[in-house]
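Comments concern the structure below.
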Amino acid sequence: MQELLTDRYEPDKIEPVIQQHWAENAVFKVSEDPSREKFYCLCMFPYPSGRLHMGHVRNYTIGDVISRYQRMLGKNVLQPMGWDAFGLPAENAAIENNVPPAEWTRSNIAYMRAQLERLGFAYDWDRELATCEPDYYQWEQWFFTQLYEKGLVYRDTAVVNWDPVDQTVLANEQVIDGCGWRSGAPVERREIPQWFLKITAYADELLDELERMDDWPEAVKTMQRNWIGRSEGLSIRFALTRGDGELEVFTTRPDTLYGATYMAVAPEHPLAAAAAQSNAEIAAFIEESRHQSTSEAVLEKMEKRGLPLGVSVDHPLTGEPLPVWVANFVLIGYGTGAVMSVPAHDQRDWEFARKHDLPIRQVITPADGSTVDIEAGASADYGILINSGARDGLDFKAAFDSIAGELEAAGRADRQVQYRLRDWLVSRQRYWGCPIPVLYDADGNVVPETDERLPITLPEDIVGEGVVSPLSTMSAFIDAPLPDGGRGRRETDTFDTFFESSWYFSRFCCPDANAMVDERVDYWMPVDIYIGGIEHAVLHLLYARFFHKAMRDVGLVKSDEPFKRLLTQGMVCKETYFRDGANGRKQYFNPGEVDVETDEKGRVTSARLRSDGTSVDIGPVEKMSKSKNNGVDPQALIDRYGADTVRLYTMFAAPPDQSLEWSDSAVEGAFRFLKSLWRMTSEHIAGGVPGPASMTALSPELKTLRRHIHETIVKVSDDISRRYKFNTAIAAVMEMVNHLGRMRGEDDASRAVRQEGLSAAVQLLGPIVPHFSAVLWTGLGHAEELTDSPWPQADENALEREEMDLVVQVNGRKRALIQVAANADKAACEAAAMIDENVLRFTAGKTIRKIVVVPGKLVNVVVAD
RNA sequence: GCCGGGAUGGCGGAACUGGUAGACGCGCCAGACUCAAAAUCUGGUAUCCGUAAGGAUGUGGGGGUUCGAUUCCCCCUCCCGGUACCA
């Protein structure tokens, strides 16, 4: 390694050598060792889309910094990497390039693995897995049959987006403005039988456990809580005014029951269908609603429309007839597909009532005696009942109990706990996924696969034509013997890809196990820190938590939760440049093809396309994406500056949980810092590495410098271990290096302090720029390798201070900065403050009302004229 | 629509528990070195007034609590993530 210590910093020379050294010595290969504390650091594994993007670089650098830091604390660190290899993009790429998804995926994996290796991440590559390989997915097929036996799997119908031209199911993403993305045909809703996992059976546990997950961000826990959406309410059965049917609805606000003025049912509701028999307008409305989106975001934003069905129900307390409407915003899949509408106390009901001239009756008034204007909008707040007969004056709880009691006694209602969470629909009508391991006999009965017949292997050398899943027409796959004899028909749907990503972290613990997992999983799990994008706050992270609990209940793992700590990463963004095209669509230009012009203050004034020299419009800063053409290819930067600079910049530009705006010139700054620290260190080493020196008789200047070095050790350790703020950790090291650089002394004491400072800087940066630090660390004369060197500890003696700064304010405005003894008490601080010239100037001739002293921080003198 | 998050110099960001707003870096300006440029080094850089000392203003907008608010509370605007078949 010594020969790598050249005068100039040349990352392209050192990085491959260091990486080869790590690989040859299997430095990051780990095994279970019960005598050592383990640390399992995991980043969300990538979808192999083709090339690494900046989001990957950022995510995996964060994980690598934490892993290498934990290793230096002496822990047995597992950091694995794998591939979330099934998914829609492979099918699209297959059609575009006429190459089978399997081949496309595997070649992407090979390319991206090489890119990850080039970044120097400390992975145990022996544990690498790809979810598209049968030796991975066979175990989730097996697990599915286990869940089937436990009754946690069922088959039911569910609505999908159906493209009537391509005769295929579309993902929400493939529906653009209500039409299929390839065919352009208006999409229809279609109900088809599909497989579900009973995640709702775990709703309470998933919710309750959040209370104990102290190391998860509050925002994510709140989102999961709201997603699960546990609510206690009343299920009420309204009798039809004519005939003997009834209409069941669920409400969390039975206290507003006297304010119900109409009912609304989904277009698919039987009452709507019955009314459509004799009413062409209703029939047309129902037909039209067949083209409604399945996406909640689209549904909630569309125009709320409805029609009266011409039937009514009786109010269960007053007997008043309430008209029943069919409305496009009531969804058949939620609850009973019907709602009671209380326009005075629900904004959506209020708007609908206003539009259709339905009565609005206020039945709740604020408890504090204030008034609300129901004419201006609904009031959803809790309060005191009014216009509610004998129940006037009751509060929410009393009203709930009273109304629930009466209706329960009359057999018209039941108290119920409801969840917003729906069961997990795992069927996908796609080819590139894990086959669902079930068969159907001649009568259509479900026959699960038996263990010895697994895996049900996905046929691979298939390109597909872009419309229906090739599996669904492949008789060689479909036609299969039943386990008990006879011929059956295979399920051709595949699993949702969230299925694979719900348990890969457990498989990493024992990737070669001849079972789904083995006992090694209980050594490593739970994951100590899980790092990934905030966009996974609910779906992936909730499915994974559920799956782990289900595995626990099948006896596969012992832990209750898979991820002890969660670190959510922000997006990587970049400015956008565009021109308005002739067709009204924007044409985006990559920032790499654009030159920007600035004024004398560095403000951007205009931008030009380099190729034609004419101006382009400057758009907002947005998440790097193909559609905005604002991606910066990490590979080009790695080739130019080396892995360490890219790693350093990514960690320095923003804290991990914030979005990061990419700046090429700031990357240059990171490179500059490494070059300068390299030069400073190699010059110091060239002068001979000093031996251990006494640090007791230092000059005041060296003492201050040395205190700064040890304060930096404290600060960086805290930033990395507790705060996960790598940007301020790096800033602190830069500051310390700046101080070291200004110290010019070449005497023994100066050289000893410089040796200590440079060693600290190199070691503290080790997890972030591991190749750079490895060479300099050895050069500084340290015998052990950097990767296994113990994390530095601050010397308490070096941290001692004699004097410190004290801010003096007058009426909250800073008027002086004075020096006081570090141990000065309140009286001493106050006395020192009150003799300051500027303080006297601002207090002269005024009455001192109060003096606030915060020892160690400030003195605030409050005066009045 | 609903749920969650965010907004601080020309730019990325710092200020951790209510206590010096702008650390560190980029950019820009000036200077040194150089025949010159690049690289490197030194100094300056929130805005306004002032030669300076110093002063006034200032953390998306409006209000509040406090000796003191980027930080806590209320209202609003804009941006971002999710919204169950993108991963």
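When reading the values below, keep in mind they use all heavy atoms of this one structure, side chains included, and skip hydrogens, waters and symmetry mates. Labels below follow one simple rule: chain letters A, B, ... track the order of the sequence lines, proteins then strands, and each chain is numbered from 1. Predicted model, so just to flag it, every value in this text is computed and none were measured.
Within the structure, a side-chain polar atom (N or O) of A/Asn838 is placed less than 4.0 Å from OP1 or OP2 of B/G55. The shortest distance between the side-chain N/O atoms of A/Arg723 and the OP1/OP2 oxygens of B/C16 is not below 4.0 Å. Contact check, A/Arg428 against B/A84: no side-chain N or O comes under 4.0 Å of OP1 or OP2. Look at A/Asn738 and you won't find any side-chain N or O under 4.0 angstrom from OP1 or OP2 of B/A23.
Residue-level contact check: A/Ala666 touches the backbone only, with heavy atoms under 4.0 Å from sugar-phosphate atoms and none from bases. A/Val861 comes within contact range of no nucleotide atom at all, as no heavy-atom separation falls under 4.0 Å. At the heavy-atom level, A/Arg672 lies under 4.0 Å from the strands shown only through sugar-phosphate atoms. Within the nucleic acid shown, A/Pro46 has no heavy atom closer than 4.0 Å to any nucleic acid atom. Counting non-hydrogen atoms under 4.0 angstrom, A/Phe652 reaches a base of the nucleic acid. If you check every strand for non-hydrogen atoms under 4.0 Å, A/Ala537 touches nothing. Across all strands, A/His536 comes closer than 4.0 Å to base atoms (heavy-atom distances). A/Met571 comes within 4.0 angstrom of sugar-phosphate atoms only, judged by non-hydrogen atoms across all strands, and of no base. Backbone-only engagement by A/Leu88 is indicated by non-hydrogen atom pairs under 4.0 Å involving sugar-phosphate atoms exclusively. Among the heavy atoms of the strands lying under 4.0 Å from A/Val852 is at least one base atom, whether or not backbone atoms are also near. No contact: A/Tyr649 has no heavy atom under 4.0 Å from any strand. Looking at heavy-atom distances under 4.0 Å, A/Gln194 makes contact with a base. Base contact: A/Lys301 has a heavy atom under 4.0 Å from a base atom.
Here B/A38 presents its P atom at 13 Å from CD of A/Glu668, a figure rounded to the nearest Å. Summarising the geometry, the separation between CD on A/Glu711 and C1' on B/A23 is reported as 14 Å, rounded to the nearest angstrom. One can place CG of A/Asn727 at 7 Å from C1' of B/G13, the figure rounded to the nearest angstrom. The distance from atom CH2 of A/Trp227 to atom C1' of B/G82 is 7 Å, rounded to the nearest whole Å.
Closest approach of A/Ala90 to A/Tyr47, counting heavy atoms only: N-OH, 3.1 Å.
A distance of about 15 Å separates the C1' atoms of B/G68 and B/G64, rounded to the whole Å. A distance of about 13 Å separates the C1' atoms of B/A23 and B/G12, rounded to the whole Å. For B/C72 and B/C49, the C1' atoms lie 35 Å apart once the distance is rounded to whole Å.
Heavy-atom nearest nucleotides on RNA chain B were determined for A/Gln174 and for A/Ala653, and the one closer to the 5' end corresponds to A/Ala653.
Figure legend: A/Arg420 and A/Trp227 shown as a cation-pi pair, the cationic atom lying under 6.0 angstrom from the six-membered ring centre and within 45 degrees of its axis.
Between the side chain of A/Gln658 and the base of B/G6 there is no donor-acceptor pair of N/O atoms closer than 3.5 Å. Donor-acceptor pairing under 3.5 Å, judged by distance alone, is absent between the side chain of A/Arg225 and the base of B/C3. Side-chain N/O atoms of A/Arg849 and base N/O atoms of B/C67 include no donor-acceptor pair closer than 3.5 Å. At a cut-off of 3.5 angstrom, the base of B/C85 holds at least one donor-acceptor pair with the side chain of A/Gln429. Between the side chain of A/Asn860 and the base of B/C67, at least one donor-acceptor pair of N or O atoms lies under 3.5 Å.
Residues A/Trp195 and A/Phe495 keep their aromatic ring centres 6.0 Å or farther apart.
Side-chain proximity of A/Asp805 to B/C24, B/A56, B/U20: nearest is B/U20.
Between the A/Lys857 side chain and the A/Val853 main chain, no donor and acceptor come within less than 3.5 Å of each other.
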